Novice: 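Take a look at the following structure, please.
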Number of protein chains: 2
Amino acid sequence: MRTEIPRLRREAKLSQEELAQAVGVTRQTITSIETGKYTASLPLAWRIARHFGLTIEEVFDFSDLEDE
Amino acid sequence: MRTEIPRLRREAKLSQEELAQAVGVTRQTITSIETGKYTASLPLAWRIARHFGLTIEEVFDFSDLEDE
DNA sequence: AGAATATGTCAAGTCTGCTTTGCATAATTT
DNA sequence: AAATTATGCAAAGCAGACTTGACATATTCT
């Protein structure tokens with residue numbers, strides 16, 4: 001799933017490590033989410049969005065689920 | 001995690017079975033989420049919110065994650 | 001009351017989110 | 001150029017999301 005996390009991190013000048021600590025996960029978890037290896041859980045998605053002062057929908061791209 | 005799903009379902013006169021089919025999971029999954037047995041995944045949370053025309057934040061209650 | 005529909009629950013299994021450790025390469029700093 | 005910091009990737013393991021199947025009780029319909 002595509003996300004705005006890399007852009008938001010760059011704009012805030014945060015490393016993966018710093019964001020990871022801020023939201024309570026490991027750096028590898030952030031890497032995996034950014035590279036699309038897997039999708040964040042709901043609580044983690046919320047913590048990340050909140051860390052940037054945004055809603056989940058503003059950070060994560062759900063367009064690949066649009067139909068079905 | 002608390003959710004507005006039971007209320008939304010009642011207002012829309014939908015059974016757990018009907019909502020489950022609409023969002024592509026089993027009835028037990030809806031039951032488990034409503035009774036707090038576990039938390040929905042991010043994609044499922046989005047499909048449920050979308051089914052009611054709402055945002056994820058309007059359907060799921062994140063107040064138990066407020067700090068940390 | 002009896003039948004049908006709706007909800008809760010339990011067990012076992014699969015799959016995915018996340019961790020830990022560790023290594024390789026890229027980018028930045030000194 | 002050398003050292004430090006940042007990112008990507010891989011394997012093994014644990015926990016949680018979700019499935020299937022089956023049963024029990026509750027609620028609604030006739």
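Everything numeric here is computed off the predicted structure, so don't read it as measured data. Naming: A, B, ... by sequence-line order, numbering from 1 per chain.
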Novice: With no hydrogens and no angle check, is any side-chain donor or acceptor of A:E66 less than 3.5 Å from a backbone partner on A:S63?
Specialist: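 Not at all, since once roles are kept as given, no pair shorter than 3.5 Å links the two residues.
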Novice: State, to the nearest 10°, the angle formed by the axis through the first five base pairs of the helix from C:dA1-D:dT30 to C:dT30-D:dA1 and the axis through its last five.
Specialist: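 About 60°, once rounded to a multiple of 10°.
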Novice: Enumerate the ring-ring contact (aromatic ring centres under 6.0 Å, His included) contacts for residues 24-46 of chain A, please, sequence neighbours excluded, ordered by first and then second residue.
Specialist: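 ring-ring contact (aromatic ring centres under 6.0 Å, His included) check on residues 24-46 of chain A returns A:W46-B:F62.
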Novice: Can you name the nearest heavy-atom pair linking B:H51 to B:L19, along with the distance?
Specialist: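 That would be ND1-CD1, 3.9 Å.
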Novice: Atom CZ in A:R27, atom OG in A:S32: separation rounded to 0.5 Å?
Specialist: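 Those atoms lie 9.5 Å apart.
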Novice: Is it true that A:E11 and A:K13 have a side-chain N and a carboxylate O under 4.0 angstrom from each other?
Specialist: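 No, this pair does not count.
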Novice: For the pair made of CD in A:E17 and P in D:dT5, what is the distance, rounded to whole Å?
Specialist: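 Spelled out: CD on A:E17 to P on D:dT5 is 12 Å.
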Novice: Any side-chain heavy-atom pair from A:D61 and A:T3 closer than 4.5 angstrom?
Specialist: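 Side-chain contact under 4.5 Å: no.
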Novice: Output the rounded distance in Å from CG (B:L19) to P (C:dG8).
Specialist: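 Atom-to-atom, B:L19 to C:dG8, this comes out as 13 Å.
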Novice: Is a side-chain donor-acceptor pair under 3.5 Å present for A:T26 with A:T29?
Specialist: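 A pair is found: one side chain offers a donor N or O, the other an acceptor, under 3.5 Å apart.
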Novice: Write down the distance between CD (A:E34) and P (C:dG17), rounded to a whole number of angstrom.
Specialist: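 Going from A:E34 (CD) to C:dG17 (P), I get 16 Å.
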Novice: Between protein and nucleotides 11-30 of chain D, map the contacts as a letter string: B base, S sugar-phosphate only, - none, heavy atoms under 4.0 Å, written 5' to 3'.
Specialist: ------SBBBBB--------
Novice: Side chains of B:I33 and B:T39, heavy atoms from C-beta outward: is any pair under 4.5 Å?
Specialist: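 Side chain of B:I33 against side chain of B:T39, heavy atoms only: no contact under 4.5 Å found.
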Novice: Polar atom pairs between nucleotides 28-30 of chain C and protein, under 3.5 Å, N or O only, would you list them?
Specialist:
none

Novice: With a 4.0 Å cut-off, would you call A:R9 and A:E34 a salt bridge?
Specialist: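 Here A:R9 pairs with A:E34 in a salt bridge, since their nearest N and O are under 4.0 Å apart.
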Novice: Any sub-3.5 Å donor-acceptor pair from A:E4's side-chain atoms to A:F60's backbone N or O?
Specialist: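 Here the side-chain-to-backbone pair does not exist.
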Novice: Quick one, which residues of residues 6-15 of chain B touch DNA chain D with a heavy atom under 4.0 Å?
Specialist: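 Nothing qualifies; none.
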Novice: Within the pair B:Q16 and C:dT5, is there a side-chain N or O less than 4.0 Å away from OP1 or OP2?
Specialist: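 Negative; the distance criterion is not met.
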Novice: Among residues at least two apart in sequence or on other chains, which ones pass side-chain hydrogen bond (donor to acceptor under 3.5 Å, both in side chains) with B:R50?
Specialist: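 Applying side-chain hydrogen bond (donor to acceptor under 3.5 Å, both in side chains) to B:R50 gives none.
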Novice: When the distance from CD1 of A:I30 to C1' of D:dT5 is rounded to whole Å, what number comes out?
Specialist: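 These atoms are roughly 17 Å apart.
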Novice: Is there a side-chain contact between B:L42 and A:I56 (heavy atoms, below 4.5 Å)?
Specialist: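 Yes. Closest side-chain heavy atoms under 4.5 Å.
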Novice: Checking side-chain polar atoms at under 3.5 Å, does A:T31 have a donor or acceptor matched by the opposite partner on A:Q16?
Specialist: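 Yes, side-chain donor-acceptor contact under 3.5 Å.
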